[in-house]
Asker: 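Have a look at this one before I ask anything.
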Amino acid sequence: MNAIEVSGLSFGYNKKQLVLKNLEMRCEAGSINVILGLNGSGKTTLIKILAGLLKASTGEVVLNGKKLEDLSIGARSKIMSYVAQRSELIDDFTVKDYLLFGKVNHIAFYRSPREEDVKNVETYAEKFNVTRFLDKKLGELSGGERQIVSICASVIQNTEIIILDEPTSALDIKNQHSILSLLREISKHENKTILLSSHNPNHALYLDCNVFLMKDGSIIENGPAREMIAVEKLKPIYGDDVCLSSEQEYSEISFKD
Amino acid sequence: MKKVLSLLTIFLVIISLSFVFTSCAAKNNDNEEIIVTDMVGAQVAVAKNPQKVACVSRTTYDLLIAFGLGDVIDGAYYSLLDNEWTEVFYPASTNHYSYEYEESYETFYSRGIDLVLAPEAYIAEGLREHGITAITVCLYGSPSFDNYVFYFADLVKTLWGEREGVSEKVDAWKAYFAKAQTDIKTELNKHDDPTRTLYYVRGDKNRGIGYTDNGKSFVEYVYKFIGFDYVGNRFESNRPSAEEICAIDPDVFVIGGIYQNTLLEQIKTTEPYVNLDAVKNNQVFNIPIGFTMFEQISVFSPVFLYDQANKLYPDYFDFDVEAEIKALSKEYFGIDLTDADVYNMLHGLDRNGQALA
Amino acid sequence: MFIICCMGWIAMDKLSHKLSQTQKAVIFASSGIVVFLFVFCTALIVGRYSISFENFFRMIGDPASYPMERSIVVNLRLPRTIIAALTGIALSLSGLLYQETFQNKLVSPDLLGVSSGSGVGAALAILLGLSSALISLFAFLFGIITVILTTVISKVFRNRTSMILILAGIIVGGCMSAILSFIKYLADAETTLASITFWLMGSFENSVMSDVWFLLPIVGTCTILTLIFSWRINIVALGREEAQTRGINYSVYRAAIIAVATLLTASSVAFAGTISWIGLVVPHIVRLLVGRNTRKTIPLCVIFGANFMVIADIISRCFTAAEIPLSAVTGFFGTIIFVAILFVRRKTISERD
């Protein structure tokens, strides 16, 4: 069964220029999916439409068999969670408070989190290895730690689908690696559908996942990373200079001098 | 070099022209000037016999008219002209210009005013800085009002004394006032009563019972004269709180101004004032209003003394206040008031017997 | 006494590093309530009319024998103290709500033009010569109309960001100030202008019990509502994207919060005039003490706001003959406490505090 189905999706910030053109995509339940594309190819717009933050001009998005437009904000938040790019607005909250916000759609509107909710959050914090900064403010954390906390909050939200907008941007290579391996872990152990955008093809190779190649608002190719991360497939996106170095563990994409 | 020369010439021309203009302005005052000291001590040169006077200060209008100088008045403070009684005493007041408290300087220029009687020092200073002759005639004296009771009457004599009848009228009024003082003092000296406390409610604005006058005024002068401890000067501000008034619990309340009837009702019906001794003992009195509020120095100041003496010492005095009002109106304004008019004045009402505000 | 309390709070804050934020909040709240009870009684006993402790308690036992004392406590001090407490709650709470919703800590309760709108309403009512109850009603309604106008104008721009709403607030607020100036110009300098100016300065001097019966239900309901939703307001503070994906209907919540905050501000301005600073200072103090979590800051804002305002009222009426304008007291003491807390906490304050 497909967790995410997109058909005939178009979107434009104004009427003259379409950012997304008649876009089609399907993500299997329990899979990891990466949208690869250059800056400005429409990745973030697509992610925001899937997360319900923008409304498509035409076309349809179906999450777990339910039309996105028919879902209320509450119902949607029980199917899909979203990890945004770095937001300054969360800086003042402590990690513990922030993780508890992930529970909001499981707590009746008139109630505050109870002791059992706090316990639950602490268990997750343990799992994600963030216990040591539970009482720190998010603003005091490093970029990598922040991202882990954000992902942890999404997992706490307990949805089948997790959508991430460039989770590795603004991180150093070590942290990029730890985020990606974290996502792989989550996908394996929690059985969640993960969709993330990235502009680095190596991430797709590392995750060994389903890849969507995106260019000028359309998906131009779609398939497993092993097939997609090939010079002839990537050329339309990255240009003729792209090259592939195949070594021991996995291939590395780079550019000819 | 030529450029420098031509610049220099232009510069010189401008400077000499400005001198010419200033000297012209100075030459305008060619009639006789005298130096007057105003109520705040400023020395001002004023030409004698001003022919166009602006009475922005409230205490000057009725006295000027009473002393026969109605024709030199160009206009008056608007609230004086809004008072319906003004027209009764001086029908020609309808032709007078209505001034704001801080009237624009240009108005005085365009109306060709010789002298502005300003209500406050800063207003007079502003006017003088802009080349308008102005003196301060205010409601307060320093250190007390004692030396200023006849200030304006004497000023009128100084400025217009040569005009026929003015000096005589001023002297007659001063004598009238002095007689009222003697009448009261002689009787009071016969008795040795304990001093009672008195609180004055300023009712010219609707600010409730907690609005008074902190002294150095004619009000304080008069009540001290008739033997009262004027408590208004104990407060740091003219807006004492209800608690402070209750803490003093004055023996007598007097209420003046256009809101006096509202305030009389208020003090008798609202908590906590109803618990005051003065209210329980019925020691709350009003101050009449006519051309002006009586507690402000005016033609009717002698009657103010008589009226308050009657009310505050009912056992000692029984002056015929109605007759005094009629006599003063006849003598100084040439009008005959009806009994109804006098009644309304004494009760702080308008001509039709309605509350003034 | 007041200074001692503050010092106590600060000292406790300093000593309590080992306690968790929640424990701290509980301690602050409970001590705040105790202090409030004390402050409230003090407010009834002290004043320019001196009532001894002895007489005060005798008066409670036997009101008939002490008519003046009873009258002063019941008619002057009780209503103004209750109104001061309610206003303090209303202004600090609405300040906090606005600050959280607009993610801007420098926002004050009159952000959307409430105060200037209420000013226009009151001035208009005074100009028309209406009774004091109607003046309050006019002020209240105009405050709310102004905010509605602000939201309508922000809708015209078809941009849903908070910035547009703030800009619209500045525009409408400016327009209202202009109208207010014009009404003042029309007013009679001798009579109505003085009343308008006095009204705008803000005071509890003319508070009566009937004002309490109007203010109490509004402030009470709004406070209870905010307390119920106190935890969820955090999520609104995260911004539209995060709130929506977490399952909160951001637009509805934001509209509701603005409505509640506006009601609170408009009702307090209607009865006490414009009182500056408190809506800015109290939320800041509270955040500095227990961190940014509305579940803790909202209850503390209620307690601290009431305390702060009653104390400010005592100061405004007890030490000088003429009442010191409330804004002067709140501004002055607000700054002092603020500086004190900042000084104590100077090492632990980060860029975004």
Side-chain angles (χ1 to χ4, degrees), chain B residues 56 58 77-83 98-103 119 123 202-212 214 231-249 257-259 262 266-267 269-280 293 355-357, chain C residues 43-52 59 63-80 126 129-132 135 185 187-199 201 203-210 313-314 316-325:
Chain B
V56 187
R58 273 184 275 194
Y77 182 45
Y78 78 95
S79 81
L80 290 166
L81 297 175
D82 286 353
N83 177 5
S98 173
Y99 288 109
E100 294 292 325
Y101 200 69
E102 291 176 69
E103 184 70 54
I123 295 177
R202 220 177 129 175
D204 58 337
K205 297 188 176 84
N206 193 8
R207 286 185 172 174
I209 305 301
Y211 186 42
T212 186
N214 291 126
V231 300
N233 55 23
R234 296 190 200 172
F235 305 115
E236 289 154 43
S237 109
N238 61 3
R239 297 190 47 86
S241 65
E243 291 197 16
E244 280 188 285
I245 299 169
C246 294
I248 290 181
D249 200 0
I258 53 174
Y259 287 98
T262 320
Q266 192 181 330
I267 198 169
T269 52
T270 48
E271 299 251 17
Y273 300 115
V274 288
N275 298 301
L276 288 165
D277 289 342
V279 178
K280 285 189 209 147
M293 307 189 291
L356 279 157
Chain C
L44 294 184
I45 297 172
V46 300
R48 300 290 284 186
Y49 185 98
S50 63
I51 299 176
S52 63
M59 181 275 292
S65 315
Y66 296 88
M68 190 51 123
E69 280 82 355
R70 182 203 60 83
S71 183
I72 280 179
V73 171
V74 173
N75 295 296
L76 297 180
R77 291 178 190 166
L78 188 64
R80 75 178 293 159
I126 295 171
L130 303 176
S131 69
S132 62
I135 293 172
Y185 165 76
D188 187 323
E190 280 288 288
T191 48
T192 40
L193 182 61
S195 317
I196 293 175
T197 324
F198 182 66
W199 191 92
M201 279 211 310
S203 166
F204 296 121
E205 203 178 342
N206 299 316
S207 307
V208 285
M209 259 325 197
S210 62
D313 181 48
I314 295 177
S316 110
R317 68 188 162 89
C318 285
F319 295 102
T320 52
E323 298 200 354
I324 310 170

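All values below come from the heavy atoms of this structure, side chains included, with hydrogens, waters and symmetry mates left out. Throughout, a chain's letter reflects where its sequence line sits, starting with A, and its residues are numbered from 1.
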Asker: Please test Val74(C) against Glu271(B) for side-chain contact (heavy atoms from CB on, under 4.5 Å), starting from the C-alpha separation and ending with a verdict.
Answerer: CA-CA 9 Å; Val74(C) 173; Glu271(B) 299 251 17; over 6 Å; no
Asker: For Tyr259(B), is it the side chain, the backbone, both, or neither that has a heavy atom closer than 4.5 Å to a heavy atom of chain C?
Answerer: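 It is the side chain, since no backbone atom gets that close.
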Asker: State, to 0.1 Å, how close Ile72(C) and Cys246(B) come at their nearest heavy-atom pair, and which atoms those are.
Answerer: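 The answer is CD1-CB, 3.6 Å.
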Asker: With only heavy atoms counted, which part of Arg207(B) is less than 4.5 Å from chain C, the side chain, the backbone, both or neither?
Answerer: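 When you check distances to chain C, only side chain atoms of Arg207(B) fall under 4.5 Å.
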Asker: Atom CD of Glu244(B) and atom CZ of Arg48(C): how far apart are they, to the nearest 0.5 Å?
Answerer: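 Those atoms lie 4.0 Å apart.
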Asker: Tell me, for Ile248(B) versus chain C, whether the close heavy atoms (under 4.5 Å) come from the side chain, the backbone, both or neither.
Answerer: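 Contact with chain C involves no heavy atom of Ile248(B) at all.
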Asker: Could you measure the distance from the OG atom of Ser241(B) to the CD atom of Glu205(C)? Nearest 0.5 Å is fine.
Answerer: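 Spacing of OG (Ser241(B)) from CD (Glu205(C)) equals 6.5 Å.
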Asker: Rounded to the nearest 0.5 Å, how far does CG of Asp249(B) lie from OH of Tyr49(C)?
Answerer: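 Atom-to-atom, Tyr49(C):OH and Asp249(B):CG are 7.0 Å apart.
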